[in-house]
Amino acid sequence: MARLRMSPEHEVDLIVVGAGAAGMTAAIVAASHGLSVELLERADVIGGTTAISAGSVWIPNTRHAAQGSDSVERARTYLRATVGSRLRDDLCEAFLASGPETVEWLETNSALRLRPYAHHPDYFADAQGATLAGRVLEAHPFDGRRLGRRFRLLRAPLPEFTLFGGMMVDRHDIAQLLSATRRAGAAAHAMRLLVRYGVDRLSHRRGTRLVMGNALAGRLLASVLARGVGVRTRVEVIESLVGDARLEGLRVRVDGNERRIRARRGIVLASGGFSRDPVLREALLPKPVARHSPLVESVAGDGVRLGLAAGGRLVSGVDGESLEHDARTSFWAPVSIRHRRDRSIAVFPHFVLDRGKPGLLAIDVDGRRFVNEATPYNQFGQAIHAARRPQPGAPCRFVCNHRFVLRYGLGMVRPGGHGIRTAVAEGYLVRADSLEALARAMGIDAGVLRETVARHDAFARQGVDEDFGKGGNAYQRNLGDPSHRPNPCLGELGEPPYYALEVHAGDIGASAGLQTDADARVLDGHGSPIAGLYACGNDMASMMAGVYPGPGITIGPAMVFAYRAAKHVAAIAKG
C-alpha cells in the first residue's frame with residue numbers, strides 16, 4: 001500500500017488507535033455515519049492479534065442462532081452463573097442488547113459474513129443458561145484477492161497454522177484432509193484446496209483463501225477501505241493533545257517525523273491492551289511472569305497508557321480488588337515454544353487439537369496429573385500457574401505415545417507424524433522407549449510417573465476420570481475423538497515409544513484494562529466519562545473479568561462495544 005502523505009497538522013472527526021477487530025469495526029461504523037476517520041496502526045500490517053487467531057466471535061441471541069435456542073434471559077443467566085459477582089450489570093446488558101444489532105448491521109453494511117459453528121458448546125457446558133451451538137460465530141472464508149494490492153497489508157497467519165508454507169486450513173479442512181484417502185468427497189475437497197493454493201503461489205506469497213481470524217480481519221479490512229477510512233501503518237502514538245474541555249487529538253511519529261492529528265469528535269482506543277508492555281506485564285501478571293506470548297508484538301500498551309495519562313483507571317472486575325500479580329488480569333492457554341529456522345520464536349497455543357484427545361496426560365513438575373486435560377484453556381493456564389508454585393519456572397508437560405502423535409498430532413507436529421524426528425532433534429519433543437527413560441529425561445521420579453500412568457489408565461478403561469472428570473461435559477467431549485469408547489476424551493497411554501512436550505501458561509489477551517461505561521467511554525477516577533475518549537477490545541477492562549465463558553469472548557464484546565462507541569460518537573456529531 002502506498003504511504004499517504006500527512007501534513008504536520010491533520011484533522012479528522014475520529015481517530016481510532018489500533019486496527020484489529022475492535023478498531024476496524026469502530027472505523028467502519030463511524031465512517032458509515034459520515035464521519036471522517038483515521039485508523040492508526042503501530043505495526044506495518046493490519047489485523048492485530050485477530051488476524052492470527054481462530055477468529056471466533058461469541059455473541060448470544062443473534063439471527064444465526066437456531067430459532068428459539070437462545071434469548072437475552074438465557075445468556076444473562078449463563079454469564080451470571082459463570083462470571084458471578086464480578087460481572088458488571090451495565091456492561092452485560094449493553095452487550096446483550098447490542099450484540100444481535102451489531103451482527104445484523106455489519107452483515108448488512110459491510111463485507112462481513114458470519115456463520116455459526118454447527119456444534120460448539122459454551123465452555124461451562126453444565127452451567128445454567130449454556131448452549132450447545134449458536135453463540136459462537138466465525139467469518140465465512142474470504143478471497144484475499146478481493147483486496148487487490150492491499151492484500152499485502154493484511155497480517156499473515158502464524159506459520160504453524162498453515163500447510164506447505166502458506167495454505168490456510170480450518171477445522172473442517174483438517175478433517176477432510178485426514179480423511180482424503182478414505183472418502184471420495186474428502187479427497188475432492190483436498191484436491192480443490194491444493195489446486196487453489198498452487199495457483200495462488202504463482203502470483204502471491206501465500207494462499208489467498210483465508211479462514212478463521214484471517215478471514216475476519218480480511219473482511220473488515222475490505223470494508224474499511226471501501227468506506228474511505230484513512231489507514232496508516234507504522235504509526236507510533238506519543239501523547240494525547242488536551243484542550244480546555246476534552247481530548248483534541250494525538251501527537252504521533254510517522255516515518256521518524258512527528259505529526260499532530262486533531263480529532264473533532266473523539267478518539268477510540270483499540271490497540272490490543274497491555275500484554276506486550278514490559279512494565280505492565282511485570283506489574284500485573286502472576287509471578288514468574290510468562291516469558292512468551294502468542295500475541296502480536298504491536299500489542300504494546302499504547303491505548304492503555306494514553307487512557308491512563310488522560311485520567312482513566314486500570315481495572316479488572318469489581319472495584320476494590322488488587323490487580324497486582326493476579327492471573328485474572330489476563331486470559332491464558334497452555335503454550336509450547338519452538339525456535340523457527342529464522343531464529344524467531346514460535347509460541348503455539350494448545351486450544352483444541354491435542355490435549356482433549358484420548359491418550360494424553362498433563363503432568364506437573366513432579367510427574368503427577370494436575371488438571372483435566374480437556375478443561376477450557378483459560379482454566380488450564382491458571383492450573384499451570386498453580387502447579388508451578390512449588391517450583392517457579394519449572395515446566396509442566398504433555399505425555400503421550402507415538403500412536404497418539406500419528407493420529408492426532410502434538411502441538412507443532414501435525415497428525416501423521418511428519419517432522420517428528422526434527423522435533424525430537426531440536427528438543428521440542430523428548431522421546432523415550434520406556435516410562436523410566438522418559439522420567440529420567442524429564443528429571444522426575446520414575447515411580448511417581450508409573451503410578452500416575454497406571455491410575456490414569458485404570459480410569460480410561462472404565463471411562464470415568466475419578467480425579468478430574470475428563471470428558472464429563474459436552475464441551476470436553478467436543479474436543480475428544482467421537483470414535484473412541486467409552487469416553488471420547490479418555491484413553492490409555494498405550495505402548496512406547498513415548499513423548500513429552502513442555503507446556504507453559506501463555507497469556508492470550510488482556511482482561512484488565514481501562515474502566516468504561518456501557519458506551520465504551522473511558523471513566524476517570526470519579527467514575528465520570530472523559531469527554532471524547534473511548535476504549536474497546538482489550539484496551540477496555542473485559543466485562544468477563546478474567547473468566548472465559550466461551551470461544552470468542554474477547555472478539556465478540558470487542559466488536560459490540562466498538563459498535564456502541566462509534567454510534568455514540570456519531571450521535572454526538574449529529575447533535
Side-chain angles (χ1 to χ4, degrees), residues 53-60 75 78-84 86-87 117 119-138 171 212 286 290 293-295 317 326-336 348-358 360-362 369-387 396 398 411 465 467-481 487-490 503-511 538 542-557:
S53 73
S56 299
V57 180
W58 194 85
I59 301 179
Y78 178 68
L79 288 172
R80 287 180 175 171
T82 54
V83 181
R86 293 166 59 85
L87 182 68
Y117 287 91
H119 179 73
H120 206 316
D122 291 323
Y123 284 172
F124 297 89
D126 293 332
Q128 190 174 2
T131 62
L132 297 179
R135 290 177 181 167
V136 190
L137 310 176
E138 65 173 345
R171 279 185 281 186
M212 302 190 298
S293 170
L295 299 171
D326 188 335
R328 294 173 297 180
T329 58
S330 189
F331 299 115
W332 302 93
V335 300
S336 54
F348 186 92
H350 294 258
F351 290 138
V352 298
L353 296 178
D354 51 19
R355 60 187 177 81
K357 299 297 191 294
L360 181 142
L361 294 74
R369 285 182 75 207
F370 66 97
V371 68
N372 177 338
E373 292 86 353
T375 199
Y377 41 84
N378 185 52
Q379 292 172 269
F380 200 120
Q382 292 175 340
I384 290 177
H385 283 300
C396 297
F398 290 162
D465 179 5
D467 286 342
F468 297 100
K470 186 177 182 182
N473 66 28
Y475 164 71
Q476 295 172 30
R477 290 190 291 274
N478 191 49
L479 295 186
D481 180 349
N487 185 327
C489 300
L490 198 60
V503 290
H504 308 266
D507 54 306
I508 58 171
S511 176
N538 289 346
S542 173
M543 61 173 281
M544 305 301 177
V547 178
Y548 219 94
I553 58 88
T554 52
I555 295 179

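The list of salt bridge (Lys or Arg N to Asp or Glu O under 4.0 Å) pairs with a residue in residues 542-551, not counting sequence neighbours, is empty.
Looking at every heavy atom in both residues, Gly552 comes nearest to Pro557 through O-CD, 3.9 Å. Minimum interatomic distance between Gln476 and Cys489 (heavy atoms only, all atoms of both residues): O-SG, 2.9 Å.
A side-chain donor-acceptor contact under 3.5 Å links Ser330 to the backbone of Gly509. Not one N or O on the side chain of Asp507 forms a donor-acceptor pair closer than 3.5 Å with the backbone of Ser293. Of the possible polar contacts, one joining the Asn378 side chain to the Trp332 backbone as a donor-acceptor pair under 3.5 Å is found. The main-chain N or O of Lys470 is found under 3.5 Å from a side-chain atom of Asn487 such that the two form a donor-acceptor pair. Under a 3.5 Å cut-off, the side chain of Thr375 and the backbone N or O of Phe380 do not form any donor-acceptor pair.
With a 4.5 Å cut-off on side-chain heavy atoms, Trp58 and Asp122 count as touching. Between Val335 and Pro349, the closest side-chain pair of non-hydrogen atoms falls below 4.5 Å. Looking at Pro551 and Tyr117, their side chains never come closer than 4.5 Å, going by heavy atoms from C-beta outward.
By the side chain to side chain contact (heavy atoms under 4.5 Å, CB included) test, Ser53 is found to be paired with Ile555, residues two or more places apart in sequence or in another chain being considered. Partners of Ala387 under the side chain to side chain contact (heavy atoms under 4.5 Å, CB included) rule, at least two apart in sequence or in another chain, are Asp364, Phe370, Cys396. Residues satisfying the salt bridge (charged side-chain N to carboxylate O under 4.0 Å, His left out) test with Asp467, not counting sequence neighbours, are Arg455. For Ala75, the side chain to side chain contact (heavy atoms under 4.5 Å, CB included) partners at least two apart in sequence or on another chain are Pro60, Asp70, Leu96, Arg135. Under the side-chain hydrogen bond (donor to acceptor under 3.5 Å, both in side chains) criterion, Asp481 pairs with Arg407, Tyr408, Ser483, sequence neighbours left out.
Aromatic rings from His350 and Phe398 are positioned such that their centres are separated by under 6.0 Å. Less than 6.0 angstrom separates the ring centroid of Tyr123 from the ring centroid of Tyr377.
With Pro286 as reference, His385 is the one residue of His385, Gln382, Arg328 to meet the side-chain contact (heavy atoms from CB on, under 4.5 Å) rule. For the side-chain contact (heavy atoms from CB on, under 4.5 Å) with His120, the qualifying choice from Leu137, Leu132, Val136 is Val136, the only one to do so.
Side-chain contact of Thr131 with Tyr78: a donor-acceptor pair under 3.5 Å is absent, judged by distance alone.
Here the CE atom belonging to Met544 is positioned 9.0 Å from the OG1 atom belonging to Thr554, to the nearest 0.5 angstrom.
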Between Tyr548 and Ile508, does the side-chain contact (heavy atoms from CB on, under 4.5 Å) criterion hold? Intermediate values first, please. CA-CA 11 Å; Tyr548 219 94; Ile508 58 171; 4.3 Å; yes
Between Val503 and Arg355, does the side-chain contact (heavy atoms from CB on, under 4.5 Å) criterion hold? Intermediate values first, please. CA-CA 11 Å; Val503 290; Arg355 60 187 177 81; over 6 Å; no
Would you please test His504 and Ile384 for side-chain contact (heavy atoms from CB on, under 4.5 Å) and show each step? CA-CA 7 Å; His504 308 266; Ile384 290 177; 5.6 Å; no
